[in-house]
Amino acid sequence: MTTITLVQAPAYDTSKMSAVITKPGNVHLTGLGPGGIQFSCTNPFPAVSGQKQVDITYDGSCPTTHQTVDISSVQP
């Protein structure tokens, strides 16, 4: 599993995330593991290595529906 660490904590944990897409590569992250500032995904490491940001869309239960957060690191 690939682990992504963000520069800041997202507004909500992964259970509230309906879509997470990396930038600039537009990789849709799949199989998100629990976490806040750090979470896992099932995407292969080479597919997300070098990505700089995540665009997060939250489910309808959240007052904030969209957020962009910088990525600190991506680890295999």
Side-chain angles (χ1 to χ4, degrees):
M1 282 201 171
T2 302
T3 300
I4 296 175
T5 304
L6 303 176
V7 172
Q8 69 182 45
Y12 307 97
D13 67 27
T14 54
S15 68
K16 299 285 187 183
M17 297 176 185
S18 59
V20 181
I21 300 171
T22 65
K23 299 292 180 187
N26 294 322
V27 177
H28 180 35
L29 298 182
T30 57
L32 297 179
I37 199 163
Q38 186 177 65
F39 57 88
S40 61
C41 66
T42 56
N43 299 74
F45 174 71
V48 292
S49 177
Q51 298 301 297
K52 304 295 183 199
Q53 293 181 319
V54 289
D55 280 341
I56 304 168
T57 302
Y58 298 104
D59 66 27
S61 70
C62 302
T64 301
T65 58
H66 184 263
Q67 183 180 22
T68 300
V69 182
D70 290 338
I71 294 174
S72 173
S73 68
V74 178
Q75 301 171 340

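All values derive from a computational prediction rather than experimental measurement. The chain is numbered in sequence order, starting from 1.
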Nearest heavy-atom contact between S40 and M1 is OG-SD, 3.6 Å
T22 side-chain N/O to V27 backbone N/O, donor-acceptor pair under 3.5 Å:
yes
From S72 atom OG to I4 atom CD1, the distance as rounded to the nearest 0.5 Å:
11.5 Å
Strictly distance-based, threshold 3.5 Å: is any side-chain N or O of T2 a donor or acceptor partner for the main-chain N or O of N43?
yes
Here the salt bridge (Lys or Arg N to Asp or Glu O under 4.0 Å) pairs for residues 67-76, sequence neighbours left out, are none
Contact between T64 and Y12 at the side-chain level, heavy atoms closer than 4.5 Å - yes or no?
yes
Tell me whether I21 is reachable from V7 by hopping between hydrophobic residues (I, L, V, M, F, W, Y) whose side-chain heavy atoms are closer than 4.5 Å.
no
Write out all pairs satisfying salt bridge (Lys or Arg N to Asp or Glu O under 4.0 Å) with one or both partners inside residues 2-13, taking only residues at least two apart or from two chains.
none
Is there side-chain contact between L32 and C41, with heavy atoms separated by less than 4.5 Å?
yes
Does either side chain, that of S18 or that of T57, offer a donor lying less than 3.5 Å from an acceptor on the other one?
no
Considering all heavy atoms of both residues, which atom of Y58 and which atom of M17 are nearest to each other, and what is their separation?
CE2-CG, 3.9 Å
Just so I know, are the side chains of V20 and H28 near enough to count as touching, which here means a heavy-atom distance under 4.5 Å?
no
Does K23 have any salt bridge (charged side-chain N to carboxylate O under 4.0 Å, His left out) partners at least two apart in sequence or in another chain, and if so, which?
D55
Closest heavy-atom contact between Q67 and P10?
OE1-CA, 3.5 Å
In this structure, CD1 of I71 is separated from CG of L6 (nearest 0.5 Å) by 6.5 Å
Can you name the closest pair of heavy atoms from V74 and F45 and give their distance?
O-CE1, 3.4 Å
Any donor-acceptor N/O pair, Q38 side chain to T3 backbone, under 3.5 Å
no
